[in-house]
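Here the structure is laid out as structure tokens; the discussion comes afterwards.
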Protein chains: 2
Amino acid sequence: MKLSTKGRYGLKAMFDLAIHYGDGPIALKHIAERQEISDHYLEQLIAILRKAGLVKSVRGAQGGYMLATAPKTITVGIIIRTLEGPLAPSDCVTEEESKACKKASYCVTKVVWEKIRDSVNDVIDSITLQDMLEDYNKIQNKDNYMFYI
Amino acid sequence: MKLSTKGRYGLKAMFDLAIHYGDGPIALKHIAERQEISDHYLEQLIAILRKAGLVKSVRGAQGGYMLATAPKTITVGIIIRTLEGPLAPSDCVTEEESKACKKASYCVTKVVWEKIRDSVNDVIDSITLQDMLEDYNKIQNKDNYMFYI
DNA sequence: TTTAATCCCAAGTAAAATGATTGGAATTCA
DNA sequence: TGAATTCCAATCATTTTACTTGGGATTAAA
């Protein structure tokens, strides 16, 4: 039940962009350094996020990436699903009709998978990048300490 | 975020044993047939469940497996964790100290992983095999139809 | 007492997924 | 013009997954 690095690195990168929201384009190299991710690999992930319209890019020298919209409009759910596809513990409870099982009408384990799926999606859809920024600021104030992420 | 077949097949097998709770030993071959699982593979899974004390076995002809305790005492959570290990979207939020990350004290993505982890565990720990049996009986009565699982 | 049915155990394996790396073209600012 | 960057496509090593194979040990029933 682990997320792959796609979802995990992707959320870190998006949170990094949220911290720098409004600062103009941020070079992928800097994100990769701060988040300790291979930059060529992160490039592939951010390309997916860009095609999905979650981030914008500026090409050329002094270019980089930025969030396409404000942190409060971007949920953890949309980020993770964009990178990982629909989040479900079993294929029989994704939306794809094709993966239906002939026992679906009376399968009780399917009911369990549905509950897990819904619970995870409720959590990740309820958290925005703005929420994460607020958590981050709280932690920084509490310890009276600055972390430069 | 999918479960592997370990957790998925394992829950099906345990539910099958729950349906036949009190009927004496059930041959693995029959469970495998009903649940459409490779029997040699299921053998490996049920060995894990047996070693964890969730099922008992009877060797020899007319032997088989049965739940070690009543369906109401066995949760989906214990079954899945026995087969899959601790359920967490990232290694940094399992209990294992070794997988701690040096950023853990101020990592905001970690907070997200914790919320997902807790939400999944709350769901699976709240469902027992007895609950699944009751759902199963409801479905059967509603449709006025018998499914022989 | 034999035989068939069953559990038990260990090793091997093909395919897929993961998590990158490699190499280079296109674009743009200074 | 050159350095910094994004963009794109292909390749690849490793790990994980989901089994398969093969055989030994135990026991009920004929």
Side-chain angles (χ1 to χ4, degrees), chain A residues 1-13 16-17 20 23-33 35-68 80 83-85 87 89-91 99, chain B residues 1-13 16-17 20 23-68 80 83-85 87 89-91:
Chain A
M1 278 286 282
K2 260 178 64 181
L3 284 171
S4 73
T5 53
K6 281 186 190 171
R8 289 186 284 122
Y9 292 177
L11 181 59
K12 278 176 188 282
D16 193 288
L17 288 179
H20 297 101
D23 297 353
I26 308 294
L28 183 132
K29 191 175 58 169
H30 299 316
I31 303 173
E33 271 166 14
Q35 305 302 328
E36 300 181 84
I37 302 170
S38 142
D39 57 353
H40 257 302
Y41 184 50
L42 181 56
E43 200 176 290
Q44 292 170 43
L45 307 185
I46 215 159
I48 299 170
L49 296 166
R50 181 176 53 80
K51 283 165 194 163
L54 297 177
V55 305
K56 287 187 298 190
S57 64
V58 176
R59 302 189 68 175
Q62 266 57 26
Y65 296 92
M66 59 194 96
L67 296 184
I80 293 182
L83 291 163
E84 304 249 352
L87 237 49
S90 169
D91 284 341
K99 286 167 180 170
Chain B
M1 278 286 282
K2 260 178 63 180
L3 284 172
S4 73
T5 53
K6 282 186 187 170
R8 288 185 284 122
Y9 292 176
L11 181 59
K12 277 175 189 285
D16 193 287
L17 288 178
H20 298 101
D23 298 351
I26 308 296
L28 183 132
K29 191 175 58 168
H30 299 316
I31 304 173
E33 270 165 15
R34 282 190 293 260
Q35 305 303 328
E36 300 180 86
I37 301 171
S38 143
D39 57 352
H40 255 304
Y41 184 50
L42 181 56
E43 202 175 288
Q44 292 170 43
L45 306 185
I46 216 159
I48 299 170
L49 295 166
R50 182 176 53 81
K51 284 165 193 163
L54 296 177
V55 305
K56 287 188 299 193
S57 64
V58 176
R59 301 188 69 173
Q62 266 54 32
Y65 296 92
M66 59 194 95
L67 295 185
I80 294 182
L83 291 163
E84 304 250 350
L87 237 50
S90 170
D91 284 340

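Throughout, a chain's letter reflects where its sequence line sits, starting with A, and its residues are numbered from 1. Remember, predicted model here, so these are calculated numbers, not experimental data.
When only modelled atom types and interatomic distance are considered, Tyr41(B) and Thr5(B) share a side-chain donor-acceptor pair under 3.5 Å.
Applying the 4.0 Å criterion to OP1 and OP2 of dT6(C), one finds that Ser57(B) has every side-chain N and O outside that range. Contact between the side-chain N/O atoms of Ser38(A) and the OP1/OP2 oxygens of dG19(C) is not found at any separation under 4.0 Å. Between Arg50(B) and dC9(C), a side-chain N or O to OP1/OP2 separation shorter than 4.0 Å is present. Here Lys29(B) does not reach the OP1 or OP2 of dA5(C): none of its side-chain N or O atoms lies under 4.0 Å away.
Along DNA chain C, the nucleotide closest to Gly64(B) and the one closest to Arg8(A) are compared, and the more 5′ of them pairs with Gly64(B).
Atom NE2 of His40(B) and atom P of dA14(C) are 18 Å apart (whole Å). Per the geometry, CG belonging to Leu45(A) stands 12 Å off P belonging to dT18(C), to the nearest Å. Taking atom CG of residue Asp91(A) and atom C1' of nucleotide dA17(C), one finds them 14 Å apart after rounding to whole Å. Distance CG (Asp39(B)) to P (dA5(C)): 14 Å, rounded to an integer number of Å. A straight line from CE of Met1(B) to C1' of dT18(C) spans 17 Å, rounded to a whole angstrom. The distance from atom CD of Gln62(B) to atom P of dA4(C) is 14 Å, rounded to the nearest whole Å. Atom OH of Tyr41(B) and atom C1' of dA15(C) are 14 Å apart (whole Å). Remark: C1' of dA17(C) and CD of Glu84(A) are 12 Å apart, rounded to the nearest angstrom.
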Side chain to side chain contact (heavy atoms under 4.5 Å, CB included) assessment of Tyr65(A) paired with Ile26(A): CA-CA 5 Å; Tyr65(A) 296 92; Ile26(A) 308 294; 5.6 Å; no

Step-by-step side chain to side chain contact (heavy atoms under 4.5 Å, CB included) determination, Leu83(A) to Leu45(A): CA-CA 7 Å; Leu83(A) 291 163; Leu45(A) 307 185; 4.3 Å; yes

Residues Ile46(A), Leu28(A); criterion side chain to side chain contact (heavy atoms under 4.5 Å, CB included); working and verdict: CA-CA 9 Å; Ile46(A) 215 159; Leu28(A) 183 132; 3.6 Å; yes

Residue pair Glu84(B), Ser4(B): steps toward the side chain to side chain contact (heavy atoms under 4.5 Å, CB included) verdict: CA-CA 8 Å; Glu84(B) 304 250 350; Ser4(B) 73; 2.9 Å; yes

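Among the protein residues, Ile26(B) comes within range of the sugar-phosphate backbone only, with heavy atoms under 4.0 Å from sugar or phosphate atoms but none that close to a base. At a threshold of 4.0 angstrom between heavy atoms, the contacts of Leu28(A) are confined to the sugar-phosphate backbone, with no base atom among them.
In this structure, the separation between OH on Tyr9(B) and CD on Gln44(B) is 12.5 Å, given to the nearest 0.5 Å.
Checked by atom type and distance alone, the side chain of Arg8(B) pairs as donor or acceptor with a backbone atom of Leu3(B) at under 3.5 Å.
The side chain of Tyr9(A) approaches dA20(C) more closely than any other nucleotide in the set dT27(C), dA20(C), dG23(C). The side chain of Gln44(A) lies closest to dA20(C) when the candidates are dC7(C), dC9(C), dA20(C). Residue Ala61(A) has its side chain nearest to dC29(C) when only dC7(C), dT21(C), dC29(C) are considered.
With hydrogens and angles ignored, no donor-acceptor pair closer than 3.5 Å exists between the side chain of Glu43(B) and the base of dC7(C).
Between Asp16(B) and Arg34(B) there is a salt bridge, since a side-chain N of the basic residue sits under 4.0 Å from a carboxylate O of the acidic one.
The footprint of chain B on DNA chain D, defined by a heavy-atom cutoff below 4.0 Å, extends from dA18(D) to dA28(D).
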